[in-house]
Chemist: 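After the structure tokens below, expect a handful of questions from me.
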Amino acid sequence: MTRLSVIGFDADDTLWQNESFFRLTEDRFVELLADHAEGEHLKERLLEAERKNIGHYGFGIKGFMLSMIETAVDATDGRVDGHVIGQILEMGQEMLRHPIELLPHVEETLGSLQDRFPLILITKGDLLHQEQKLAASGLGEMFAGVEIVSEKVPGVYARAFQGHGGSERAMMVGNSMKSDVVPALEAGSWAVYVPHGLTWALERAATPQGHPRYRELPDLSGLPEHVASVAAE
């Protein structure tokens, strides 16, 4: 019996671009409120609003929009006008309409693995928007299952992999140390970290150096070889 029976993949910034759109919008937000606060200070206030609001709004663009509005109200002592609020809403709507940009080696890597292992997409964020992005990506048929969750913790991975031999025979692949790597290892799975050039501050965590089931790859092109080595051990 092979040691590996299922592979999970994160979506945002693992399969397609995501964080870059948030950074660009954040820069536009700073320019919009330049008369009220210094740029770095405003970004810090926005990050704190996001941190506080995750429990209320969850992850994704809609929560980001609401956090920008809250930060604008705070930064202007409640004097922000409707035009500014309208521009913030427009920026968020542009993000929601942005086309999917697949990252390098995604299609060929998924294609080489889908005939050997069931692939499961495990992503967090707004349900409707994540479903729309998956449909627009053209990758939907490559996945045997899709899990869109509010947060990634060990129990989520245990449940996602339960019908495929369990988490101890699973591998999770993603760009977030906090969400894709650490909780998957805690669930007993293998975990592969594929860093993205941009990482949201709230997705950072210590690297599990020396963990026997942890591996870092520069991109997805090396994943099939790593999977083969794990399955053959």
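Keep in mind it's a predicted model, so treat the numbers as computed, not measured.
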Chemist: For Glu94 and Arg28, work out which heavy atoms get closest and say how close.
Modeler: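 Closest approach of Glu94 to Arg28, heavy atoms only: OE1-NH1, 2.8 Å.
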
Chemist: Minimum heavy-atom separation for Thr123 to Ala11, with atom names?
Modeler: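 Taking Thr123 first and Ala11 second, the nearest heavy atoms are OG1-CB, 3.7 Å.
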
Chemist: Check for a donor-acceptor pair, side chain of Thr14 on one end and backbone N or O of Asn175 on the other, with a separation under 3.5 Å.
Modeler: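 Confirmed, Thr14 side chain pairs with Asn175 backbone.
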
Chemist: Which of these passes side chain to side chain contact (heavy atoms under 4.5 Å, CB included) with Leu32: Val84, Asp27, Leu42?
Modeler: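 Result: among Val84, Asp27, Leu42, Val84 is the only option passing the side chain to side chain contact (heavy atoms under 4.5 Å, CB included) with Leu32.
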
Chemist: Distance from Phe143 atom CZ to Ile122 atom CD1, nearest 0.5 Å?
Modeler: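 The distance works out to 10.0 Å.
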
Chemist: In the structure I gave you, are the side-chain heavy atoms of Glu151 and Phe59 within less than 4.5 Å of one another anywhere?
Modeler: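 The answer is yes; the side chains approach within 4.5 Å.
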
Chemist: Do Lys52 and Glu70 have side-chain heavy atoms sitting under 4.5 Å apart?
Modeler: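 When only atoms from C-beta onward are counted, Glu70 and Lys52 do touch, with a gap below 4.5 Å.
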
Chemist: According to a 4.5 Å side-chain heavy-atom criterion applied to Ile, Leu, Val, Met, Phe, Trp and Tyr, with indirect links allowed, do Leu217 and Leu113 form part of one hydrophobic cluster?
Modeler: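 They do share one cluster, since a chain of ILVMFWY contacts under 4.5 Å joins Leu217 to Leu113.
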
Chemist: Quick check for you: to the nearest 0.5 Å, what is the distance between Ile85 atom CD1 and Ile88 atom CD1?
Modeler: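 Output value for this atom pair is 4.5 Å.
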
Chemist: Given side chains that start at C-beta, do those of Ile61 and Phe22 come closer than 4.5 Å, heavy atoms only?
Modeler: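 Answer yes - side chains close enough.
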
Chemist: Roughly how far, to the nearest 0.5 Å, is CD1 of Ile100 from CG of Asn18?
Modeler: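 Here the rounded value is 8.0 Å.
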
Chemist: Check step by step if side chain to side chain contact (heavy atoms under 4.5 Å, CB included) holds for Trp16 and Val106.
Modeler: CA-CA 8 Å; Trp16 52 68; Val106 167; over 6 Å; no

Chemist: Using the rule that two of Ile, Leu, Val, Met, Phe, Trp, Tyr join whenever any of their side-chain heavy atoms come within less than 4.5 Å, decide whether Leu46 and Leu89 are in one cluster.
Modeler: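 Both belong to a single hydrophobic cluster.
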
Chemist: So if you build clusters from Ile, Leu, Val, Met, Phe, Trp, Tyr with side-chain heavy-atom gaps below 4.5 Å, do Val227 and Leu185 land together?
Modeler: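 Not linked; separate clusters.
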
Chemist: Side chain to side chain donor-acceptor pair (under 3.5 Å) for His105 and Glu108? Distances and angles first, verdict last.
Modeler: CA-CA 6 Å; His105 313 296; Glu108 57 265 40; 3.3 Å; yes

Chemist: Of the non-hydrogen atoms in Val182 and Ala205, which two are nearest, and what is the gap between them?
Modeler: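 Shortest heavy-atom contact: CG2-CB, 4.5 Å.
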
Chemist: If we ignore hydrogens and angles and just use 3.5 Å, is the side chain of Arg204 paired with the main-chain N or O of Thr199 as donor and acceptor?
Modeler: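 A pair under 3.5 Å: yes.
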
Chemist: Is the shortest side-chain heavy-atom distance between Leu33 and Thr71 below 4.5 Å?
Modeler: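 Leu33 does not reach Thr71 side chain to side chain.
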
Chemist: I'd like to know if Leu102 and Val173 are part of one continuous hydrophobic network [Ile/Leu/Val/Met/Phe/Trp/Tyr, side-chain heavy atoms within less than 4.5 Å].
Modeler: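 Same cluster: Val173 reaches Leu102 through Ile, Leu, Val, Met, Phe, Trp or Tyr contacts under 4.5 Å.
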
Chemist: Among Arg159, Gln130, Lys124, find the residue that satisfies the side chain to side chain contact (heavy atoms under 4.5 Å, CB included) test when tested with Val149.
Modeler: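 Between Val149 and the candidates, side chain to side chain contact (heavy atoms under 4.5 Å, CB included) is satisfied uniquely by Lys124.
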
Chemist: Kindly indicate whether the side chain of Met171, heavy atoms from C-beta on, has any atom under 4.5 Å from the side chain of Leu223.
Modeler: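 The answer is yes, as the side chains (C-beta and beyond) meet within the 4.5 Å cut-off.
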
Chemist: Can you name the closest pair of heavy atoms from Lys152 and Tyr157 and give their distance?
Modeler: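 Minimum heavy-atom contact is CD-OH, 3.2 Å.
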
Chemist: Nearest 0.5 Å, please: how far is OG in Ser189 from CG in Leu4?
Modeler: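 Between Leu4 CG and Ser189 OG, I get 9.5 Å after rounding to 0.5 Å.
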
Chemist: Quick one: does any side-chain atom of Ser5 pair with a main-chain N or O of His164 as donor and acceptor, under 3.5 Å?
Modeler: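 Pair found, side chain donor or acceptor close to backbone of His164.
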
Chemist: Return the minimal non-hydrogen interatomic distance between Ile120 and Ala160, and the atom names on each side.
Modeler: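 Nearest pair, atom of Ile120 first, then Ala160: CD1-O, 3.5 Å.
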
Chemist: Of all the heavy-atom pairs spanning Ala191 and Asp180, show the shortest one and how long it is.
Modeler: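 Of all heavy-atom pairs spanning Ala191 and Asp180, the closest is CB-O, 4.4 Å.
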
Chemist: Side chains of Met177 and Pro208: does their closest heavy-atom pair fall under 4.5 Å?
Modeler: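 The answer is yes; the side chains approach within 4.5 Å.
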
Chemist: So how far is it from Ile148 CD1 to Asp126 CG, rounded to the nearest 0.5 Å?
Modeler: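 Reported to 0.5 Å precision, the distance equals 8.5 Å.
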
Chemist: Might you work through the side chain to side chain contact (heavy atoms under 4.5 Å, CB included) test for Val153 and Val156, ending with a clear yes or no?
Modeler: CA-CA 5 Å; Val153 295; Val156 164; 3.8 Å; yes

Chemist: Take atom CD in Glu48; do more than 12 heavy atoms of anything else shown fall under 6.0 Å from it?
Modeler: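 Atom CD in Glu48 is crowded, with more than 12 foreign heavy atoms closer than 6.0 Å.
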
Chemist: Tell me whether Arg45 contacts the main-chain N or O of Asp74 through its side chain, where contact means a donor paired with an acceptor under 3.5 Å.
Modeler: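 Pair found, side chain donor or acceptor close to backbone of Asp74.
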
Chemist: When you compare the side chain of Leu220 with that of Leu103, does any pair of heavy atoms fall below 4.5 Å?
Modeler: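 No, too far: nothing below the 4.5 Å cut-off.
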
Chemist: Indicate yes or no: at least one non-hydrogen side-chain atom of Asp10 is less than 4.5 angstrom from one of Met172.
Modeler: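 Side-chain contact under 4.5 Å: yes.
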
Chemist: Should Met91 and Leu96 be counted in the same cluster of Ile, Leu, Val, Met, Phe, Trp and Tyr side chains packed under 4.5 Å apart?
Modeler: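 Linked within one cluster.
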
Chemist: Assess whether side chain to side chain donor-acceptor pair (under 3.5 Å) is satisfied between His83 and Gln87, documenting all intermediate values.
Modeler: CA-CA 6 Å; His83 175 69; Gln87 287 185 278; 3.1 Å; yes

Chemist: To the nearest 0.5 Å, what is the distance between OG1 (Thr25) and CZ (Phe64)?
Modeler: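 Separation between the atoms: 6.0 Å.
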
Chemist: Quick one: which of Glu203, His196, Lys133 gives a side chain to side chain contact (heavy atoms under 4.5 Å, CB included) with Asp12?
Modeler: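 It is Lys133, the one option of Glu203, His196, Lys133 that forms the side chain to side chain contact (heavy atoms under 4.5 Å, CB included) with Asp12.
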
